[in-house]
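To keep things clear, I will list the structure first and then write my remarks on it.
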There are 2 protein chains.
Amino acid sequence: MSKPPVADHRHALTLRDVSEASGVSEMTVSRVLRSRGDVSDATRSKVLEAARALGYVPNKIAGALASQRVNLVAVIIPSLSNMVFPEVMTGISEVLDHTGLQPVVGVTNYAPDREEAVLYEMLSWRPSGVIIAGLEHTDAARAMMQNSGIPIVEIMDVDGTPIDAAVGISHRRAGRQMAEAIIAAGYRRIGFLGTMMPDDHRARKRLEGFTAALAAAGLSVADQEFYSGGSALLKGREMTQTILKRTPDLDFLYYSNDMIGAGGLLHCLEAGIDVPGKLGMAGFNGVDLLDGLPIQLATMDACRHEVGRIAAEIVAGQRASEVVELLPIMQPGATIRKA
Amino acid sequence: MSKPPVADHRHALTLRDVSEASGVSEMTVSRVLRSRGDVSDATRSKVLEAARALGYVPNKIAGALASQRVNLVAVIIPSLSNMVFPEVMTGISEVLDHTGLQPVVGVTNYAPDREEAVLYEMLSWRPSGVIIAGLEHTDAARAMMQNSGIPIVEIMDVDGTPIDAAVGISHRRAGRQMAEAIIAAGYRRIGFLGTMMPDDHRARKRLEGFTAALAAAGLSVADQEFYSGGSALLKGREMTQTILKRTPDLDFLYYSNDMIGAGGLLHCLEAGIDVPGKLGMAGFNGVDLLDGLPIQLATMDACRHEVGRIAAEIVAGQRASEVVELLPIMQPGATIRKA
DNA sequence: TTGAAAGCGCTAACAC
DNA sequence: GTGTTAGCGCTTTCAA
């Protein structure tokens, strides 16, 4: 690890520069720039003028140290590239924009030790709160959050024990509900297609709920297929072809996310398979990409936007710090036949 | 704008706490925790033990103020939700991970004043460098960057005058190349479909290069259609239907991004249109989603991953601060007939 | 190898 | 309405 060439701001402008340029004390300059306390219009404009002319940018590091307040919220998520977290981010930003708080994003790539490192790094900047995906963390990460003394909101999942607040859906319930809908529609030979990610706990819980509901009906997953990496749409295609070749009598395919589901759907339509007559299909997430497919894939909306909003409200102190369970919304689409 | 309930760390652990718990001076504790200078093994382990037991998390605010170094890199991008910037982020992270520098992401939603605000906010934390999308900024934003004294890398575009370094492709050239390929293939009645975003300068430049090349061949865009908001895949479908209804004799559709192109392609295939025989199609970006479509949409790769890597290398001081023009790679796919 | 003193740039608290 | 003083928690510098 080479030594980073970090910034050297020995020559950056300070309050003192603005103070000298305007003939006003540093303290009053500070007041003007933060719009705090009473300052006469005359001095205010003198200060603003000087600051603008110099191109002064306040040093938040010094400000934060002196005031003991940092207007940052750490947002820790597993990935940016799967269309699910951007929507959560949108919800978070919408709310935080009105509060003066700023989200700062950290990405963990579904790796627990990476999550721990990102969290440590972010907590060392003393943010005003943490919004973090999932309920599963390393012991050290959990301890750091517990000791931090700031609001911690775990999002996307409520199946487990939160540190403090949690906002999300029950993925077990989501899996169960989907299984029940599938069974009710008369499907019996059910295949599962998912990711090969042991640390995607939410996908795991959906599958658990799903198989539990199948079991309750005397059924089980007839075949399954997993992937990792690459274009999800393409992988969905390939896996679907594979699983149908291996187990041709499957009458339903449950995908752990919409993207592979969409790939599978495209494959089946091209292959001339009767969907949903001979073969039913469903994904998970409710991504808006589905709207553009030839027919609408059945899915379940994880309320991502709402999750982001509520988590932000908790962090911003506009809402009590508690567990908020949202109910995922079944979108039956056109790939499950009517019961 | 209500007053934010920012964190109050009056009771957080300090070096002094670790110092007292370990019986070692603050200074030496600091040395141990930063692995700087010579410290005996005995004291080192005493300190580490105490820090771990207490759950001490260093205060980077104080550290940054004292040392005048901040290991953060501001990354300012227009959007997270369009599959293009996540790949840039991946490239950035890959490089920065080895340097001790940390990317901090800010999103502007293609709004110049939002960009200015995000930049101001980030510069006030005195980052070690800035990676920012595009060459077009407000005068104030440009001035801030010029005065910052840190490396500024403008990415994704090289058609313009960079503040300092720039890494990207020429979108004018990309548009021109695509037009030339289309003309060479014998298409003559060409339609354009894009976003209604005046501040998406890269899309604008592609269209400029595109129309310039058409003009050079005595051609012009025969019809065009714009959209904003919603599911890009669905919008692509709808726009395509609309433009083909209005101007049925179009023989080529050029889309400003792959997502709407993919929607258009799905529409055409369903409508039984002969692609690429009667109608050619092309998008832009080279997103890997295209791999999963029934046939491969022609596109042009913007080298997003490479752009991220190179920008990060410049910011990290591993590479000279200069303009790096990458050449977009034409991916003819199966939606342009052979010349 | 370790410690003591000074100060990074700003703001809280208090005077005037 | 404005100024003064004393730190925030660390690291730099210098001394031991």
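Each chain gets a letter, A, B and so on, in the order its sequence line appears, and its residues count up from 1.
Set against C/dT1, C/dC8, D/dT11, the side chain of B/Asp38 has C/dT1 as its closest nucleotide. Closest approach to the A/Ser30 side chain among D/dG3, D/dG9, C/dT11 is made by C/dT11 (side chain taken as heavy atoms from C-beta onward). Looking at the side chain of A/Met27, the nearest of the listed nucleotides C/dA12, D/dG9, C/dC10 is C/dA12. Comparing C/dC10, D/dC10, D/dG3 by their closest approach to the side chain of A/Arg31 singles out D/dG3.
Distances shorter than 4.0 Å separate none of the side-chain N or O atoms of A/Tyr56 from OP1 or OP2 on C/dG9. Phosphate proximity of C/dT1 to B/Thr28: absent, as no side-chain N or O sits under 4.0 Å from OP1 or OP2. Residue A/Ser25 places none of its side-chain N or O atoms closer than 4.0 Å to OP1 or OP2 of D/dT4. Between B/Gln68 and D/dT12 there is no side-chain N or O to OP1 or OP2 distance below 4.0 Å. The side chain of A/Ser40 places an N or O atom within less than 4.0 Å of a non-bridging phosphate oxygen (OP1 or OP2) of D/dT2. In this model, the phosphate group of C/dT2 is approached by a side-chain N or O of B/Thr43 to a distance below 4.0 Å at OP1 or OP2.
Residues that satisfy the salt bridge (Lys or Arg N to Asp or Glu O under 4.0 Å) test with B/Glu26, not counting sequence neighbours, are B/Arg16. The side-chain contact (heavy atoms from CB on, under 4.5 Å) test applied to A/Asp200 returns A/Tyr110, A/Thr195, A/Met197, A/Arg202, A/Ala203, not counting sequence neighbours.
At a threshold of 4.0 angstrom between heavy atoms, the contacts of A/Asn59 are confined to the sugar-phosphate backbone, with no base atom among them. As judged by a 4.0 angstrom heavy-atom cut-off over every strand, A/Arg34 is placed among residues touching the sugar-phosphate backbone only.
For the residue pair A/His137/A/Glu115, the side-chain donor-acceptor check at 3.5 Å is satisfied. Checking A/Thr90 against A/Ser93 by side-chain atom types alone, no donor-acceptor pair falls below 3.5 Å. Side chain to side chain, B/Arg34 and B/Ser30 meet the donor-acceptor criterion of an N or O pair below 3.5 Å.
Separating the CG atom of B/Leu65 from the P atom of C/dG9 is a distance of 7 Å, rounded to the nearest angstrom. Taking atom CG of B/Leu123 as the reference point, atom P of C/dG9 lies 17 Å away to the nearest angstrom. Residue A/Glu26 contributes atom CD, which lies 17 Å from atom P of D/dG7 at whole-angstrom precision. Atom CZ of A/Arg126 is separated from atom C1' of C/dC10 by 18 Å (rounded to the nearest Å). The interatomic distance linking A/Leu15 (CG) with D/dG3 (P) rounds to 13 Å, in whole Å. For the pair B/Asp17 CG and D/dG9 P, the interatomic distance rounds to 9 Å; values are reported in whole Å. Regarding B/Asp41, its CG atom lies at a distance of 10 Å from the P atom of C/dT2, rounded to whole Å. The distance from atom CD1 of A/Ile61 to atom P of D/dG7 is 23 Å, rounded to the nearest whole Å.
For the pair B/Ala66 and B/Arg44, both in contact range of DNA chain C, the more 5′-proximal nearest nucleotide belongs to B/Arg44.
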Decide yes or no on side-chain contact (heavy atoms from CB on, under 4.5 Å) for B/Gln146 and B/Asp164, but give the supporting numbers first. CA-CA 8 Å; B/Gln146 262 154 355; B/Asp164 183 7; over 6 Å; no
